[in-house]
**Student:** 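Shown below is the structure under consideration.
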Amino acid sequence: MPEGDSVWRAASQLHKALAGQTLTGSDFRVPRFATLNLAGWTMTEVVPRGKHLLMRVEGPDQRKLTIHSHLKMEGAWQVYPPGGRWRKPGFTARCVLRTAVADAVGFSLGIVEVVRTEDEDRIVGHLGPDLLGPDWNPDEAERRIRSAPDVPIGVALLDQRNLAGIGNIYRCETCFLSGVHPASPSSAVADLQAMMTDAKQLLEANLGPGRRVTILNPRGMPVGMMAGRPGYWVYRREHQPCLKCGTPIRRAALGKLNGDEERDIYFCPQCQPLLD
């Protein structure tokens, strides 16, 4: 699933291509909005909110709507010159927005809907502070996590109601950097602020082009792919040696307390002891 940095980059690309442009056509390939035509509307801005994309448009009559999309597991937005050949199969397109200077196509989007801009809180109001957003508030994020002390920290970090933007990669890498096993209860994590600071730094370090890397130099710049080194500390490195202690990395499954929504976790059993 795309994480907060991926959505931030997508929003930046779309905003650069579309903001201030008048739509010459729109094609929503979802039943609920199949007849909606936004030709003549102006794209005012594209903003990320955690893992959600909000594309705000204004009509000739000053009505304001928001095109909300969520990439889920396979989704992607791509920008092409007008009439350009798509790099993904046409049957996977869920939304097409055309202007005189660019076409934007959303492929395999998990969610596509159009709401009144004034109603955006109905779809993203439940989200916690955004690690990459102007609303970032570590104290509020910590308060939300601490409110459920028995929830494993690896689950709490993925819960977008606590803080928005972390996906499976960043929760595994953040837990490693903090020396905490992802299955440890949130109450056992002594310094949540430091953990969230690490997560924010990792996300911000990967806002530029190129592959995602979580091994950073002292200046916070990605260095993991240099000289053939791995890009991640633990993620998808099962059985490979820990880059700090040499112990083989392990993989397990972690979900909510009731066992639902399990996802793979990767950790070093030596560097990340399970806390009580």
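The first residue of the sequence shown is numbered 1, and numbering continues consecutively from there. Worth saying up front: this structure is predicted, and the values here are computed from it rather than measured.
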**Student:** Would I153 and L192 satisfy side-chain contact (heavy atoms from CB on, under 4.5 Å), going step by step from the backbone distance to the final call?
**Tutor:** CA-CA 9 Å; I153 186 60; L192 271 176; 3.6 Å; yes

**Student:** Going by the rule ring pair (Phe, Tyr, Trp, His ring centres under 6.0 Å), which residues pair with Y170 if we only count those two or more places apart in sequence or in a different chain?
**Tutor:** none

**Student:** Checking Y80 side chain against R87 main chain: does a donor-acceptor pair fall under 3.5 Å?
**Tutor:**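 At least one qualifying donor-acceptor pair exists.
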
**Student:** Heavy atoms, side chains only, cut-off 4.5 Å: are L71 and L109 in contact?
**Tutor:** yes

**Student:** Could you state whether L203 and Y232 fall into the same hydrophobic cluster, counting links through intermediate Ile, Leu, Val, Met, Phe, Trp or Tyr residues with side-chain heavy atoms under 4.5 angstrom apart?
**Tutor:**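 Same cluster: L203 reaches Y232 through Ile, Leu, Val, Met, Phe, Trp or Tyr contacts under 4.5 Å.
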
**Student:** Hydrophobic clustering (ILVMFWY, side-chain heavy atoms < 4.5 Å, transitive) - are V101 and V46 grouped together?
**Tutor:** no

**Student:** Only one of N162, L157, L163 clears side chain to side chain contact (heavy atoms under 4.5 Å, CB included) with D159; which?
**Tutor:**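 Result: among N162, L157, L163, N162 is the only option passing the side chain to side chain contact (heavy atoms under 4.5 Å, CB included) with D159.
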
**Student:** Could you pull out the closest heavy-atom pair between P182 and Q272, with the gap in Å?
**Tutor:** CD-NE2, 3.9 Å

**Student:** Is there side-chain contact between L202 and L177, with at least one heavy-atom pair below 4.5 Å?
**Tutor:** yes

**Student:** Not counting sequence neighbours, which residues clear salt bridge (charged side-chain N to carboxylate O under 4.0 Å, His left out) with E238? List them please.
**Tutor:** R251

**Student:** What's the shortest heavy-atom distance between G246 and P241, and which atoms?
**Tutor:**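 Result for this residue pair: O-CB, 3.6 Å.
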
**Student:** Please list, chain by chain and in numerical order, all residues satisfying ring pair (Phe, Tyr, Trp, His ring centres under 6.0 Å) with F107, sequence neighbours excluded.
**Tutor:** W86

**Student:** Calculate, to the nearest 0.5 Å, the distance between atoms CZ and CD belonging to R56 and E120 respectively.
**Tutor:** 4.0 Å

**Student:** Work out which heavy atom in P82 is nearest to a heavy atom in A100; give both atom names and the distance.
**Tutor:**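 Minimum heavy-atom separation between P82 and A100: CG-O, 3.4 Å.
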
**Student:** So does Q270 have more than 12 non-hydrogen atoms from other groups sitting under 6.0 Å from CD?
**Tutor:** no

**Student:** Is the shortest side-chain heavy-atom distance between C175 and F267 below 4.5 Å?
**Tutor:**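 The answer is no; the side chains never approach within 4.5 Å.
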
**Student:** Other hydrophobic cluster members with L127, side-chain heavy atoms of Ile/Leu/Val/Met/Phe/Trp/Tyr under 4.5 Å, chained?
**Tutor:**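 Hydrophobic cluster check, L127: joined to V47, L54, V115, I123, V124.
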
**Student:** For residues R49 and D130, report the shortest heavy-atom separation together with the two atoms involved.
**Tutor:**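 Nearest pair, atom of R49 first, then D130: NH1-CB, 3.4 Å.
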
**Student:** Under a 4.5 Å side-chain heavy-atom rule over Ile, Leu, Val, Met, Phe, Trp and Tyr, are I249 and I215 clustered together?
**Tutor:**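 As far as the 4.5 Å side-chain criterion goes, I215 and I249 are connected within one cluster.
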
**Student:** Mind jotting down which residue pairs meet the side chain to side chain donor-acceptor pair (under 3.5 Å) criterion with at least one end in residues 11-28? Sequence neighbours excluded, please.
**Tutor:**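 Qualifying pairs: D27-R29.
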
**Student:** Following the transitive rule for hydrophobic clusters with a side-chain heavy-atom cut-off under 4.5 Å over Ile, Leu, Val, Met, Phe, Trp and Tyr, establish whether L207 and M196 coincide in one cluster.
**Tutor:** yes

**Student:** Step by step, work out the side-chain contact (heavy atoms from CB on, under 4.5 Å) result for F28 and V114.
**Tutor:** CA-CA 10 Å; F28 293 92; V114 182; 3.8 Å; yes

**Student:** What distance separates E142 CD from N137 CG, expressed to the nearest 0.5 Å?
**Tutor:** 10.5 Å

**Student:** Given the rule in the salt bridge (charged side-chain N to carboxylate O under 4.0 Å, His left out) test, do R143 and D139 qualify, once you have shown the distances and angles that lead to the verdict?
**Tutor:** CA-CA 6 Å; R143 184 193 68 79; D139 292 332; over 6 Å; no

**Student:** Whether the side chain of E3 engages the backbone of I169 through a donor-acceptor N/O pair (distance < 3.5 Å, no angle test) should be reported.
**Tutor:**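 Present.
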
**Student:** So which heavy atom on A164 is nearest to which on G128, and how close?
**Tutor:** CB-O, 3.8 Å

**Student:** Going only through I, L, V, M, F, W and Y residues with side-chain contacts under 4.5 Å, is there a path from L274 to W233?
**Tutor:**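 In one cluster: no.
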
**Student:** So do S178 and D198 actually touch side chain to side chain, heavy atoms under 4.5 Å?
**Tutor:**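 Side-chain contact under 4.5 Å: yes.
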
**Student:** Is any side-chain heavy atom of L65 closer than 4.5 Å to a side-chain heavy atom of R116?
**Tutor:** yes

**Student:** Under a 4.5 Å cut-off applied to non-hydrogen side-chain atoms, are L97 and V57 in contact?
**Tutor:**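 Sidechains of V57 and L97: no contact.
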
**Student:** Drop me the distance from T66's OG1 to E58's CD, to the nearest 0.5 angstrom.
**Tutor:** 11.0 Å

**Student:** Around atom CZ of R144, are there more than 12 heavy atoms from other residues, nucleotides or ligands closer than 6.0 Å?
**Tutor:** yes

**Student:** Considering residues, nucleotides and ligands other than K64, do more than 12 of their heavy atoms fall under 6.0 Å from its NZ?
**Tutor:**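 Result for NZ/K64: open.
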
**Student:** Run the numbers on F176 and C242 for side-chain contact (heavy atoms from CB on, under 4.5 Å), then give the verdict.
**Tutor:** CA-CA 10 Å; F176 175 80; C242 172; 3.8 Å; yes

**Student:** For the CG atom on D276, are there more than 12 heavy atoms of other groups (residues, nucleotides or ligands in this structure) within a distance under 6.0 Å?
**Tutor:** no

**Student:** For the atom pair OG1 (T174) and NZ (K200), what is the distance rounded to the nearest 0.5 Å?
**Tutor:**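 Answer for the OG1-NZ pair, T174 versus K200, is 12.5 Å.
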
**Student:** With sequence neighbours left out, which residue pairs that include part of residues 88-108 fulfil the side chain to side chain donor-acceptor pair (under 3.5 Å) condition?
**Tutor:**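 Residue pairs with at least one partner in residues 88-108: there are none.
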
**Student:** More than 12 heavy atoms of other residues, nucleotides or ligands under 6.0 Å from CZ of R9: yes or no?
**Tutor:** yes

**Student:** Any donor and acceptor pair, going by atom type alone, linking the side chain of Q78 with main-chain N or O of A104 inside 3.5 Å?
**Tutor:** no

**Student:** Classify the side-chain pair E173/T214 by whether it contains a donor and acceptor separated by less than 3.5 Å.
**Tutor:** yes

**Student:** Would you find a donor on one side and an acceptor on the other, under 3.5 Å apart, between the side chain of E45 and the backbone of M43?
**Tutor:**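 No; zero donor-acceptor contacts below 3.5 Å.
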
**Student:** Determine whether a donor-acceptor pair (N or O, by modelled atom type, separation under 3.5 Å) exists between the side chain of R250 and the backbone of I265.
**Tutor:**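 It does not hold such a pair.
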
**Student:** Using only atom types and a distance under 3.5 Å, with no angle test, would you say the side chain of T247 pairs donor to acceptor with the backbone of C268?
**Tutor:** no

**Student:** Is the shortest heavy-atom distance from the side chain of W77 to the side chain of L53 under 4.5 Å?
**Tutor:** yes

**Student:** Which pair of non-hydrogen atoms, one from C172 and one from D264, has the smallest distance, and what is that distance?
**Tutor:** SG-O, 4.2 Å

**Student:** In Å and rounded to the nearest 0.5 Å, what is the CD1 to OG distance from I145 to S187?
**Tutor:**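 The distance works out to 12.0 Å.
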
**Student:** Do L132 and P48 touch side chain to side chain, with heavy atoms closer than 4.5 Å?
**Tutor:**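 A side-chain contact under 4.5 Å is absent here.
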
**Student:** Can you measure from CG (L158) to CZ (R263) and round to the nearest 0.5 angstrom?
**Tutor:**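 If we round to the nearest 0.5 Å, L158:CG and R263:CZ are 6.0 Å apart.
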
